[in-house]
Amino acid sequence: MVLQVYNTQTRTKEEFVPLEPGKIRLYVCGITVYDFCHIGHARSAIVFDVIYRYLLHLGYEVVYIRNFTDIDDKIIRRANEEGTDYRTIADRYIAAFYGDMDALGVLRPAMEPLATDNIPEMLQIVGKLVDKGAAYQAGTDVYFSVDRFEGYGKLSGRETEDLMAGARVEVDVKKSNPLDFVLWKGSKPGEPSWDSPWGPGRPGWHIECSAMVTKYLGPTIDFHGGGKDLVFPHHENELAQSEMAFGVPFVRYWLHNGFVNINNEKMSKSLGNFFTIRDVLKDVHPEALRLFVISKHYRSPVDFSDETVAEAERGLERLYSTLESVLERVPGKVDAQFTEDVLKKQDPELYEKAVSLPAAFRESMDNDFNTAQAIGYIFALQRNLQRFLDKFGRKNLKGAAAVLARRAADTLTGQCNILGLLTLAPGDFFETQRRLKLKSTGVTEEELNEFIELRHKARQEKNFAEADRIRLELEAKRIHLEDSPQGTKWRVSL
RNA sequence: GGCGGCAUACCCAAGUGGCAAGGGAGCGGUCUGCAAAACCGUUAUACAGCGGUUCAAAUCCGCUUGCCGCCUCCA
């Protein structure tokens, strides 16, 4: 089986062949640090986190780089609004970003370089382009000359004539071609600036990625990723300047994730319909958000709503619930040896599903990271496992049945871990989940425990009317009581 | 105006030529003092519409309709 990936540039799925056997160079465009991240950023981060985890799982050495754009117009504007400097703003939101990413369980890339730490490298590329006649100075700015790069438009599938015709931007008179883009921007008085052969200034938007890709990974890399909106102009321009400067292919496979929509409309700052990661995580468990994101193929748009997120939460609770049952019902040590045949006889379907899950999972993931399908297989095994557990009523499992249940649970957990799911002990998950959800009911844990205690007494006295009254009172607040042999548990409905 | 994507049950969502995965919700049942959870059963002669290719199409081709995105900062 081979990994197939959809390459934006060719618009087809291609067999993945790394530049260097066993090694993968992966670069993902990070964020511009001028505000808190929203769930669109979360989707991108989670999608590439899953891809990164999967490539590691396949046994590749993956060098994963994700940059921070820490100098740009929006950062400067924000600094001016707050009467502070760009560095303060950038550092604040870098810290916030790390907080969000850690909360989401996103693995850290090998390196997360800052644009401003790589200015000399950028100037080097600008110099190369000027020397080759592919860039020119106009006023205090330096522009890339799109006409000089034959392949311009090959990533986004556009013809330069089409772009010209549809140009919505006011044409900058300094440019010799309206499509030319700025490599180096002369700074206005009071703006942050760096010295350069073309005068004091700061980098244009695209040059930083070209510089950092080359510096940390080399002139040709395997994967370059980001949101769909970066295809044009950002990645198109990166590609143009890099290939012009270094004369070798820039990226072997371009990966772009789809958007998060709200009510079927793109979520964006300009539309004002966005949710920050930190706000969402106030009532949604990070693994539930992750499951929500990867329940759909990464290239498709995904609609974010209370309903769609709640579905993911319920699904995740189901998985953890089954795992919890296995922990409770299968004795701590399962050391007895049984032949495969004996295990299979316990429940042929469960046995078969457990044994075949890794292959099915891998086949899905090898097909352009089809996490949605992989999750389908995971739920199928979960269902079989739960069914198997239920066959034993409330009894603990013993012997071969215990071994089979344990093996199925381990397989489930193992595959989910590759996606960054089921990374917690079930007990810890449910505790966090209950605490998150209880906040929205206005009932404190102490109050709730008092209710449960009162009801417990009423039940002991066979005063079921009172017991049911308490149940109903709590249900009105979406708190459901579940009587079990281990005592009364509770959960908040989603 | 140019370029691109999507359309599968009540909802979400896989499927990319050979009997339509999975999840949620609903309904009926088992269990329960009553519940909940869980389990069992049930819910698409059918994949926007029309035409074509094929022994065979949700899957390939063409047209039509509807929605969305990019072309400006944007994950």
Side-chain angles (χ1 to χ4, degrees), chain A residues 8 11 13 28-32 34 37-48 72-74 153 156-159 161-170 179 205 225-234 236 256-261 264-271 274 291-292 295-297 299-303 305 307-319 321-322 325 360 364 367 370-383 386-391 393-394 459 462-465 467-468 471-472 475 480-484 488-491 493-494:
Chain A
T8 305
R11 276 178 236 147
K13 270 185 217 172
V28 175
C29 279
I31 57 158
T32 300
Y34 73 104
C37 287
H38 54 62
I39 51 175
H41 298 109
R43 181 178 194 193
S44 185
I46 290 168
V47 161
F48 287 104
D72 116 301
D73 288 348
K74 294 185 293 295
S156 52
R158 288 150 213 261
E159 304 295 330
E161 305 88 73
D162 297 338
L163 285 165
M164 302 277 258
R168 283 203 252 152
V169 210
E170 261 187 69
L179 297 180
W205 178 29
K228 259 191 167 69
D229 48 353
L230 296 181
V231 175
F232 191 90
H234 185 52
E236 190 71 62
H256 293 97
N257 66 274
F259 293 127
V260 174
N261 291 159
N264 228 16
E265 285 232 308
K266 176 183 171 178
M267 182 181 71
S268 76
K269 286 277 167 73
S270 41
L271 290 171
F274 63 94
L291 180 59
F292 163 75
S295 289
K296 196 159 177 182
H297 188 86
R299 282 188 280 117
S300 309
V302 61
D303 204 52
S305 68
E307 178 58 25
T308 54
V309 172
E311 275 179 25
E313 292 185 281
R314 280 188 272 258
L316 186 64
E317 287 185 356
R318 223 172 140 77
L319 291 171
S321 170
T322 296
S325 297
S364 301
N367 182 13
N370 193 339
T371 51
Q373 187 174 62
I375 287 166
Y377 290 126
I378 284 165
F379 275 105
L381 176 60
Q382 176 274 331
R383 189 183 177 76
Q386 183 65 53
R387 183 188 300 158
F388 183 65
L389 295 171
D390 281 9
K391 281 205 298 205
R394 287 178 176 173
R459 287 180 76 206
K462 302 272 185 210
N463 184 357
F464 293 122
D468 288 349
R471 178 195 289 291
L472 282 173
E475 265 173 19
H480 300 277
L481 300 182
E482 299 176 10
D483 298 323
S484 80
T488 298
K489 297 178 182 175
W490 58 271
R491 45 181 282 280
S493 66
L494 300 168

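Order of the sequence lines sets the chain letters (A, B, ...), proteins ahead of strands, with each chain counted from 1.
A heavy-atom distance below 4.5 Å is found between the side chains of A:R459 and A:T488. Between A:Q373 and A:Y377 the shortest side-chain heavy-atom distance falls below 4.5 Å. A heavy-atom distance below 4.5 Å is not found between the side chains of A:F259 and A:M267. No side-chain heavy atom of A:H297 sits less than 4.5 Å from a side-chain heavy atom of A:N367.
Cation-pi geometry between A:K269 and A:F274 is met: the NZ or CZ atom falls under 6.0 Å from the ring centre, inside 45° of the normal.
Comparing B:C34, B:A75, B:G4 by their nearest atom to the side chain of A:D468 picks out B:C34. Nearest nucleotide to the side chain of A:D483, out of B:C73, B:C34, B:A75: B:C34. Checked against B:A75, B:A37, B:C40, the side chain of A:R387 finds its nearest nucleotide in B:C40. You'll find that the side chain of A:A467 is closest to B:G33, out of B:G33, B:C40, B:A38.
Rounding to the nearest 0.5 angstrom, the gap separating the CG atom in A:D72 from the OG1 atom in A:T32 is 5.0 Å.
Atom CZ in A:R158 sits roughly 10 Å away from atom P in B:C70 (whole-Å rounding). Put simply, CD on A:E317 is 9 Å from P on B:A38, counting in whole angstrom units.
A sub-4.0 Å separation between OP1 or OP2 of B:A36 and a side-chain N or O of A:H480 is absent. Within the 4.0 Å cut-off from OP1 or OP2 of B:A75, not a single side-chain nitrogen or oxygen of A:K269 is found.
Residue contacts for A:G258: at a heavy-atom cut-off of 4.0 Å it reaches a base atom on one of the strands shown.
Between A:R471 and A:D483 a salt bridge is recorded (basic side-chain N to carboxylate O distance below 4.0 Å).
Taking 3.5 Å as the limit, the base of B:A35 and the side chain of A:R471 contain a donor-acceptor pair of atoms between them. Contact of A:D229 with B:C73 (side chain to base): no donor-acceptor pair of N or O atoms is detected under 3.5 Å.
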* Going 5' to 3' through nucleotides 13-25 of chain B, assign each nucleotide B (protein heavy atom under 4.0 Å from a base atom), S (under 4.0 Å only from sugar-phosphate atoms) or - (no protein heavy atom that close). => SSS-----BSBSS
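Rounded to whole Å, the P atom of B:G1 lies 42 Å from the corresponding atom of B:A44. Distance check on atom P: B:G69 versus B:G62 gives 25 Å, rounded to whole Å. Atom name P, nucleotides B:U65 and B:A9: the rounded distance is 22 Å, in whole Å.
Mapping A:S484 and A:M267 onto RNA chain B via the closest heavy atom, the residue that lands nearer the 5' end is A:S484.
Between A:N261 and A:K266, the shortest heavy-atom distance links the atoms ND2-CA, 3.3 Å.
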* To do: Would you please test A:E475 and A:H480 for side-chain contact (heavy atoms from CB on, under 4.5 Å) and show each step?
  => CA-CA 6 Å; A:E475 265 173 19; A:H480 300 277; 3.4 Å; yes
* Structure fact -> Read 5' to 3' with Watson-Crick or G-U pairs under 3.5 Å, [ ] for crossing pairs and | for partners on another strand, RNA chain B gives ((((((((.[[[..)..(...]]].(((((.......))))).....[[[[[..)....]]]]])))))))....
